[in-house]
**Student:** 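Take this structure, written in structure tokens, and hold onto it; I'll ask about it next.
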Amino acid sequence: MLNMKYFITGATGTLGKEVVKALLNKGHKVKAGSRNPQKDKTIENQHVESVYFDYEEEHTFHNASEVDGIFLMEPPALNPKNTDLAHSFLDYLIRNKPKRFIYLSSHGMENLEEVPFHLRMEEKIKRSILNWHIIRPSFYAQSFGVYERDNIEQRNIIFLPAGRGKTPFVSTLDVGEAVAILLTMNKFPSHEISILTGEEAFDHFEVADMLSEILGRTITNVDPEESVYRKVLQENNIPAMIADYIIPLYGLIKNAKVEAVTPDLKKLINRNPEPLKKVLQRDFLKL
Ligand SMILES: NC(=O)c1ccc[n+]([C@@H]2O[C@H](COP(=O)([O-])OP(=O)(O)OC[C@H]3O[C@@H](n4cnc5c(N)ncnc54)[C@H](OP(=O)(O)O)[C@@H]3O)[C@@H](O)[C@H]2O)c1
């Protein structure tokens, strides 16, 4: 299916921008949804139409029309506004029947009863959308360079309550490519869930060792007790809801709920997924 057009939400985010790049590489056009379409330089390209899009402003939803498929992601639940943020847009899509629809969920969400926003979206999608496909990626390898960068670069620590559990970190470059492949397949794999993981599972002590080797100095994985994690966030004036989200999320790793490696990503992209070390080298050495 050549020269199609797709609407990508979160097009300025960690995964969304990789989805945009992968679609462009395949020769397709993109409508990139963002609250800052003028400012975003990462997606400047003649085949990208940057459109204003905000889950909180229903009048922006029409920007998702006249496309051949839609990729929907929700921003992380790091502020109270972001909980169940995408429901009214999903209602809009249910009324407008997208030709192809991919929803970004996450690996292990079925065990995340404390923060069930993906679960609620998945259930509604399965009930109400015709051509849906759900992806559940494992923890992104890129998250260390996004959310832990200050801890790693300035304090020489990883500070996450992940225990000794292992997880197969996945590269957003690979997931972006997988989304582009799914959206543009001749036969869309409707009513299916892909669990997208890297090829090898690591715990956060092993990640700290990898970072130490890459950076040439010791990075320590602190592995804080939950109470210590809460206290440190509180002392740094970080809202309690961040700990309420992060503790159960990393509890999935701690309790070995997301350690399994699956074949889905390799099958889709038809090559080995990027190793975690390669992503860390690129992100921390700017290779
Ligand atoms: N991080 C991981 O390891 C991981 C793993 C698996 C699944 N996930 C899932 O991935 C999702 C995103 O997580 P992330 O941490 O990688 O974040 P991210 O993609 O960097 O999220 C930020 C994006 O959300 C967009 N956004 C924020 N508020 C918006 C609004 N009101 N309306 C429209 N767009 C809005 C932002 O666009 P603008 O600011 O440009 O509008 C930006 O592109 C979450 O649902 C998470 O569960 C994450």
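In each ligand, atom 1 is the first atom listed, and ligand 1 is the first ligand listed. Remember, predicted model here, so these are calculated numbers, not experimental data.
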**Student:** Between V146 and ligand 1, which part of the residue brings a heavy atom under 4.0 Å of the ligand: side chain, backbone, both or neither?
**Tutor:**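 V146 to ligand 1: no contact under 4.0 Å from either part.
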**Student:** Any nitrogen or oxygen of L15, side chain or backbone, less than 3.5 Å from one on ligand 1?
**Tutor:**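 Among all N and O atoms of L15, none is under 3.5 Å from an N or O of ligand 1.
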**Student:** Using the six-membered ring wherever Trp is involved, compare the ring planes of W132 and H191 and label them parallel, tilted or perpendicular (cut-offs 30° and 60°).
**Tutor:**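 Because their plane-to-plane angle lies in the 30° to 60° range, the rings of W132 and H191 count as tilted.
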**Student:** Hey, does P76 sit under 4.0 Å from ligand 1 if you only count heavy atoms?
**Tutor:**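 It does; at least one heavy atom falls under 4.0 Å.
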**Student:** More than 12 foreign heavy atoms under 6.0 Å from CD of E225: is that the case here?
**Tutor:** no
**Student:** Hey, are Q142 and S171 close enough side-chain-wise for a donor-acceptor pair under 3.5 Å?
**Tutor:** yes
**Student:** Closer than 4.0 Å to some heavy atom of S143 - which atoms of ligand 1 meet that?
**Tutor:** 1 (N), 2 (C), 3 (O)
**Student:** Report yes if S106 has an N/O atom closer than 3.5 Å to an N/O atom of ligand 1; otherwise report no.
**Tutor:** no
**Student:** Parallel under 30°, tilted from 30 to 60°, perpendicular over 60°: which one fits the rings of F101 and Y103?
**Tutor:** parallel
**Student:** Hey, is CG on N270 packed in by over 12 heavy atoms from elsewhere, all under 6.0 Å?
**Tutor:**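 Counting other residues, nucleotides and ligands, CG of N270 stays at 12 neighbours or fewer.
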**Student:** Nearest protein heavy-atom contact for atom 10 (O) of ligand 1: which residue, which atom, what distance?
**Tutor:**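 Nearest protein contact, heavy atoms only, for atom 10 (O) of ligand 1 is L104 CD2, 3.2 Å.
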**Student:** Between Y140 and ligand 1, does any nitrogen or oxygen pair lie at a separation below 3.5 Å?
**Tutor:**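 Y140 vs ligand 1: N/O contact under 3.5 Å present.
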**Student:** Check the side chains of H28 and K5 for a donor-acceptor pair under 3.5 angstrom, ignoring hydrogens and angles.
**Tutor:** no
**Student:** If you take the centroid of each ring, where Trp contributes its six-membered ring, are F284 and F144 closer together than 6.0 Å?
**Tutor:**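 Centroid separation for F144 and F284: 6.0 Å or greater.
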**Student:** Looking only at protein heavy atoms, identify the closest one to atom 27 (C) of ligand 1 and say how far it is in Å.
**Tutor:**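 Minimum-distance protein heavy atom for atom 27 (C) of ligand 1 reads R35 NH2, 3.2 Å.
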**Student:** For F139, counting its heavy atoms only, list the atoms of ligand 1 lying under 4.0 Å from any of them.
**Tutor:**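 Ligand 1 atoms under the 4.0 Å threshold to F139: 3 (O).
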**Student:** Give the atom numbers and elements of ligand 1 that come within less than 4.0 Å of a heavy atom of Y147.
**Tutor:** 14 (P), 15 (O), 17 (O)
**Student:** Give the atom numbers and elements of ligand 1 that come within less than 4.0 Å of a heavy atom of S138.
**Tutor:** 5 (C), 6 (C)
**Student:** Out of curiosity, is S105 lining ligand 1, as in a heavy atom under 4.0 Å away?
**Tutor:** yes
**Student:** Can you check ring-ring contact (aromatic ring centres under 6.0 Å, His included) on Y229 and F159, steps first, answer last?
**Tutor:** CA-CA 8 Å; Y229 186 75; F159 194 76; 5.6 Å; yes
**Student:** Looking only at protein heavy atoms, identify the closest one to atom 40 (O) of ligand 1 and say how far it is in Å.
**Tutor:**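 Its nearest protein heavy-atom neighbour is T12 OG1, 2.6 Å.
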**Student:** Give the contacting part of S34 toward ligand 1: side chain, backbone, both or neither, where contact means a heavy-atom distance below 4.0 Å.
**Tutor:** both
**Student:** Using side-chain heavy atoms (C-beta onward) and a distance below 4.5 Å, is K166 in contact with F202?
**Tutor:**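 No; the side chains remain at least 4.5 Å from each other.
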**Student:** Are H133 and S194 close enough that a side-chain donor and a side-chain acceptor fall under 3.5 Å?
**Tutor:**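 H133 vs S194: donor-acceptor pair found between side chains.
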**Student:** Heavy-atom pairs closer than 4.0 Å: do any link ligand 1 to the side chain of M73, the backbone, both, or neither?
**Tutor:** side chain
**Student:** Using a 4.0 Å cut-off to any heavy atom of G10, which atoms of ligand 1 qualify?
**Tutor:**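 Within the 4.0 Å cut-off of G10, ligand 1 contributes 43 (O).
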**Student:** Looking only at protein heavy atoms, which one is nearest to atom 24 (O) of ligand 1, and how far off is it?
**Tutor:**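 Among all protein heavy atoms, the one nearest atom 24 (O) of ligand 1 is P75 CB, 3.6 Å.
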**Student:** Out of all atoms in ligand 1, which are within 4.0 Å of some heavy atom of T14? Include the element for each.
**Tutor:** 16 (O), 18 (P), 19 (O), 20 (O)
**Student:** Using a distance-only test with no angle check, is there a side-chain donor-acceptor pair under 3.5 angstrom linking Y250 and H204?
**Tutor:**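 Note: Y250 and H204 side chains miss the donor-acceptor criterion.
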**Student:** Less than 4.0 Å between a side-chain N and a carboxylate O, is that true for E49 and K29?
**Tutor:** no
**Student:** Closer than 4.0 Å to some heavy atom of E74 - which atoms of ligand 1 meet that?
**Tutor:**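 In order of number, 11 (C), 12 (C), 44 (C), 45 (O).
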**Student:** Which atoms of ligand 1 have any heavy atom of H118 under 4.0 Å away?
**Tutor:** 45 (O), 46 (C), 47 (O)
**Student:** Just let me know how T9 lines up against ligand 1, side chain, backbone, both or neither, with a heavy-atom cut-off below 4.0 Å.
**Tutor:** neither
